[in-house]
Amino acid sequence: EVQLLESGGGLVQPGGSLRLSCTASRITFSTYAMAWVRQAPGKGLEWVSSVRLRGDSTYYADSVKGRFTISRDNSKNTMYLQMSSLRAEDTAVYYCAKERATISGVVPNLHYYYYMDVWGKGTTVTVSS
Amino acid sequence: DIQMTQSPSALSASVGDTVTITCRASQSISSWLAWYQHTPGQAPKLLIYDASSLESGVPSRFSGSGSGTEFTLTISSLQPDDVGTYYCQQSNSYSSTFGGGTKLEIK
């Protein structure tokens, strides 16, 4: 069974930085896109960022663009989320998720649609002074 | 960006009931929609993908339908384990969006 384990959460002051890690096991990590999703206290799920297979294609929600950086090290089966200029509204449980793609269309006009089929249990980030 | 709107935001039903949750997209997303169940303290769970395909291991009591901008998740023969919050999600090559969630309680 595929397992994802997040780490790196904690308490950080506004304006500070934190790096989250997501380590995968029992998976050919390099063949899957990966994502970060968060849930603020009392709120719903919010997609944060995604990274494709080689790490050269990355995507961000507007709320974190320019402040967060997603990356991956396929040799370590690990994905990262470097968070900087943290704000109180970044306080949340951060989940990592494996993305499975559905492909539509014909070469060269292929379109990819991603669903999150395996999730970690989350790591908590609290931004407070 | 594509916005996803769910209704209702909460509902309460009895064991054995059938419930329906609706999700509307701000623009057409064809059939590229997923549904998830999230129980407090647990990891979210994929239930339905491509609007109507049942994820492996998910009971057939769960079903999805719709295309374009309007989608539904139906849970038949409601069980106590079905409590939680349900989210729809659209995801294309560049971004992803979740609906606001529907909290399901068992009476």
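Order of the sequence lines fixes the chain letters, A, B, ..., with proteins taken first and strands second; residue numbering starts at 1 for each chain. Note that the coordinates shown come from a computational prediction; the quantities given were computed from them, not determined experimentally.
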*Asks:* Using heavy-atom distances under 4.5 Å, tell me whether A:Val37 contacts chain B through its side chain, its backbone, both, or neither.
*Replies:* side chain
*Asks:* For chain A, which residues of residues 60-69 of chain B have at least one non-hydrogen atom nearer than 4.5 Å to it?
*Replies:*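 The list, in residue order, is empty: none.
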*Asks:* Are there residues of residues 73-91 of chain B whose heavy atoms fall under 4.5 Å of chain A's heavy atoms? If so, which?
*Replies:*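 From residues 73-91 of chain B, the residues near chain A are B:Tyr87, B:Gln89, B:Ser91.
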*Asks:* Mind checking whether B:Leu54 and A:Tyr115 sit in one hydrophobic cluster, side chains of I, L, V, M, F, W, Y counted as touching below 4.5 Å?
*Replies:* no
*Asks:* What residue, out of A:Lys43, A:Arg100, A:Glu99, A:Gln39, has the most heavy-atom pairs lying under 4.5 Å from chain B?
*Replies:* A:Arg100
*Asks:* In terms of hydrophobic clusters joined by side-chain contacts under 4.5 Å, are A:Leu4 and A:Tyr80 together?
*Replies:* no
*Asks:* Would a hydrophobic clustering, with Ile, Leu, Val, Met, Phe, Trp and Tyr connected at side-chain separations under 4.5 Å, put A:Ile70 with A:Trp119?
*Replies:* no
*Asks:* Does anything in residues 25-52 of chain B reach chain A? List residues with heavy atoms under 4.5 Å apart, or say none.
*Replies:* B:Ser31, B:Trp32, B:Leu33, B:Ala34, B:Tyr36, B:His38, B:Gln42, B:Ala43, B:Pro44, B:Leu46, B:Tyr49, B:Asp50
*Asks:* Could you tell me which non-hydrogen atom of A:Leu45 sits nearest to which non-hydrogen atom of B:Phe98, and how far apart they are?
*Replies:* O-CB, 3.5 Å
*Asks:* Examine whether an atom of A:Ser50 lies under 4.5 Å from a heavy atom of chain B, and if so say whether it belongs to the side chain, the backbone or both; otherwise answer neither.
*Replies:*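 The answer is neither part of A:Ser50.
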*Asks:* So do B:Asn92 and A:Tyr112 actually touch side chain to side chain, heavy atoms under 4.5 Å?
*Replies:*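 A side-chain contact under 4.5 Å is absent here.
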*Asks:* Going hydrophobic residue to hydrophobic residue with side-chain gaps under 4.5 angstrom, can you get from A:Tyr94 over to A:Leu18?
*Replies:* yes
*Asks:* With sequence neighbours excluded, what pairs up with B:Thr102 under the side chain to side chain donor-acceptor pair (under 3.5 Å) test?
*Replies:*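 B:Thr102 satisfies side chain to side chain donor-acceptor pair (under 3.5 Å) with B:Gln6 once adjacent residues are dropped.
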*Asks:* Measure the OG-OH distance between B:Ser96 and A:Tyr113 for me, rounded to the nearest 0.5 Å.
*Replies:*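 One gets 13.0 Å once the value is rounded to the nearest 0.5 Å.
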*Asks:* Is there a side-chain contact between A:Trp47 and B:Ser95 in this structure, where contact means two heavy atoms from C-beta onward sitting under 4.5 Å apart?
*Replies:* yes
*Asks:* Are A:Tyr95 and A:Val118 connected, step by step, through hydrophobic side chains (Ile, Leu, Val, Met, Phe, Trp, Tyr) whose heavy atoms are closer than 4.5 Å?
*Replies:*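 No, it is not one cluster - the side chains of A:Tyr95 and A:Val118 are not joined through contacts under 4.5 Å.
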